[in-house]
J.: 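Quick one: the structure is below, and I'll ask about it shortly.
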Amino acid sequence: MLEILAAVVEEPILKDIQSSVAIGLEIDESTDVFVTRQLDLHVRYMDAEGKLYSQFLGLVALSDGKANTIVAALNEVLVKKKVPTEKLFGLGTDGAAVMTGRLSGVAKQMQDSLPWLLSVACAAHRLALACKDASSEVPYMGTFRDHLQSLHLYFHNSANRTAVLRAASQVLGLDNLTVKEVKDTRWLSQHLAVSNLQRNLCAVLGALAEEVDSNKCPLAKGLYSYCCKYRFVAAIYLQADVLPHLARLSKIFQKENVNFLAIKDQVPVTIACLQDIKDAGNTKAGSFLAQLQTDLDDPTRLGAFGILPEEERGRRGRGQEEYSQGMLWPRFRSEVMEPYIDALLDSLDRRFQNIDVMSAFHVLGPQTLTEDDAVATANVLTLSRKFLPQQPESTLSQEWASFKKHMVTGAFKDLDQLSILQKLSAQNDEWANLYPMVSKLAAIAMTVPISSVNCERDFSTMNRVKTDLRNRLQGDHLAACLQLSINGPPLGEFPYHRALEMFCKKSRKIKCQIPPSKVCQ
């Protein structure tokens, strides 16, 4: 019955997939609570009205994490669900070597049989790796991140310390103060931790000082000594300026139906904002860095803790080197802030530059009107050779030349690119008949996934369904539970009559003794 209920939910989804002009897949692997490898498949498709959908497709247990095993499991699901592979144009992965390996990765093996398939590494994972690379380039920022986690664990692992922190927060008029955790698998965790700590740094320092004075806690003494340095406070304020821009970009990439326009439009904006922070330093009005020195001098805020200037332990026998107040900011700017932002800019530019095929889709937008005809024609040919290799290039060029006139004086004038792609993708509109090849390219642009975040959400659902008390749940039963949980309608809208029809059509060993009803016949 559980599998029948899931089949009822899946039935209309598979029909829409089979009628969609273009299909995109997101795939990722993880382990469940029973330490079993699971491959998750999430599908993107469009209906006849041009509306984009993103739905859970299937979950398959893997015997190992090799590329051949993943490809075999993927093909098994596509055949079982009757997904038309000739319409499969996009494959989104997390960018791991087993997925994107140049010689024998999953994407390479799929492209050998489907040469028009475009493989895209997850933009959210790329952003997380860019931030991690930048922190690794500047040693202090890596140490800074480790101490954020140490602060969280110090208070999280003790009810008494948490009580001291709450008492300090009440004195300062704060409510429900906590020190947030920093985790690699939670992309916004550092932003939340830094923003929380920047607002409540006085209360945290007060709680650490209380632990040092009353309990002589050596761990609190070490944390307090580290946190009461100018460089740590300045790093907090720097991160408070930088991370909101990265968090905003991450949130865009985590949207369910995000497409390549997010990369094209938002990544350059983020890079420009980070460059502005670097150029302005501590002079930009309204920034946290501009408020840094004021807070350090304020006796009601950080001034009460006597934040110490930087001290660095020299080589053996050379003692310590002290820095005057006027040297602190220039030194922090040259040794921490500028190298960190430069590393971020370089990493973002490096990880988001290889999107030539995706960027070619902007030929279907209004910006192509200001481009040189040779560049626009080259983009049209790039799309034709990748996605429509069986179609004559001259036909697509003629369609595009005619369609371009509509963006000047016709129905597409003054529309943004997303609106143009949606109108072109609608099969019930006349544009699909007038420009069939251009319409198909628009549908491909909408369905090619740029992230695998939907798979991450599916795994979160799996962890809620398959718990320690249900650790034997597996196979079709586990996939059915996920299908109902992710794609299932509200209880009041569920088509129970259709489920009963499917149940009665199943062969049963126990025969019904009551005269058969219309459903049982």
J.: Can you confirm whether Leu238 sits close enough to Leu292 that some side-chain heavy atom of one is under 4.5 Å from a side-chain heavy atom of the other?
T.: no

J.: Just checking, Arg44 and Tyr53: is the charged tip under 6.0 Å from the six-membered ring centre and within 45° of the axis?
T.: no

J.: Could you measure the distance from the CD atom of Gln55 to the CG atom of Leu41? Nearest 0.5 Å is fine.
T.: 14.0 Å

J.: Of the options Tyr226, Tyr224, Tyr140, which is the one that meets Phe232 in a ring-ring contact (aromatic ring centres under 6.0 Å, His included)?
T.: Tyr226

J.: What I'd like to find out is whether the side chain of Thr93 reaches to under 4.5 Å of the side chain of Val106, using heavy atoms alone.
T.: no

J.: List, one per line, each side-chain donor-acceptor pair under 3.5 Å for residues 472-480, sequence neighbours excluded.
T.:
residue : atom : partner : partner atom : Å
His477  : ND1  : Glu3    : OE2          : 3.0

J.: Scan side-chain atoms only and decide if Glu456 and Ser452 contain a donor-acceptor pair under the 3.5 Å cut-off.
T.: no

J.: Got a second to check how far Thr461's OG1 is from Gln483's CD, nearest 0.5 Å?
T.: 11.5 Å

J.: Would you mind reporting whether Val43 and Ile23 have side-chain heavy atoms less than 4.5 Å apart?
T.: yes

J.: State, yes or no, whether a side-chain contact exists between Asn75 and Met110 at a heavy-atom distance under 4.5 Å.
T.: yes

J.: Is it the case that the side chains of Ser419 and Asp416 hold a donor-acceptor pair, with the cut-off being a distance below 3.5 Å and no angle test?
T.: yes

J.: Any side-chain heavy-atom pair from Arg470 and Phe34 closer than 4.5 angstrom?
T.: no

J.: Quick one: does Leu25's side chain get under 4.5 Å of Leu74's, heavy atoms only?
T.: yes

J.: For the pair Arg498 and Glu11, find out whether any cationic side-chain nitrogen is under 4.0 Å from an anionic carboxylate oxygen.
T.: yes

J.: Quick one, Ile13 and Tyr45 - any side-chain contact, counting heavy atoms below 4.5 Å?
T.: yes

J.: Would you call Glu335 and Arg231 a salt bridge, taking side-chain N to carboxylate O under 4.0 Å as the test?
T.: yes

J.: Closer than 4.0 angstrom, basic N to acidic O: yes or no for Lys284 and Asp279?
T.: no

J.: Less than 4.0 angstrom from a charged side-chain N to a carboxylate O is my criterion; do Arg37 and Asp64 meet it?
T.: no

J.: Is it true that Glu10 and Lys81 make a salt bridge, defined as a side-chain N closer than 4.0 Å to a carboxylate O?
T.: yes

J.: Classify the side-chain pair Gln239/Tyr340 by whether it contains a donor and acceptor separated by less than 3.5 Å.
T.: yes

J.: Relative to the ring of Phe494, is the ring of Tyr496 parallel (under 30°), tilted (30 to 60°) or perpendicular (over 60°)?
T.: tilted

J.: Do Ile450 and Phe253 come within less than 4.5 Å of each other through their side chains, counting heavy atoms only?
T.: yes

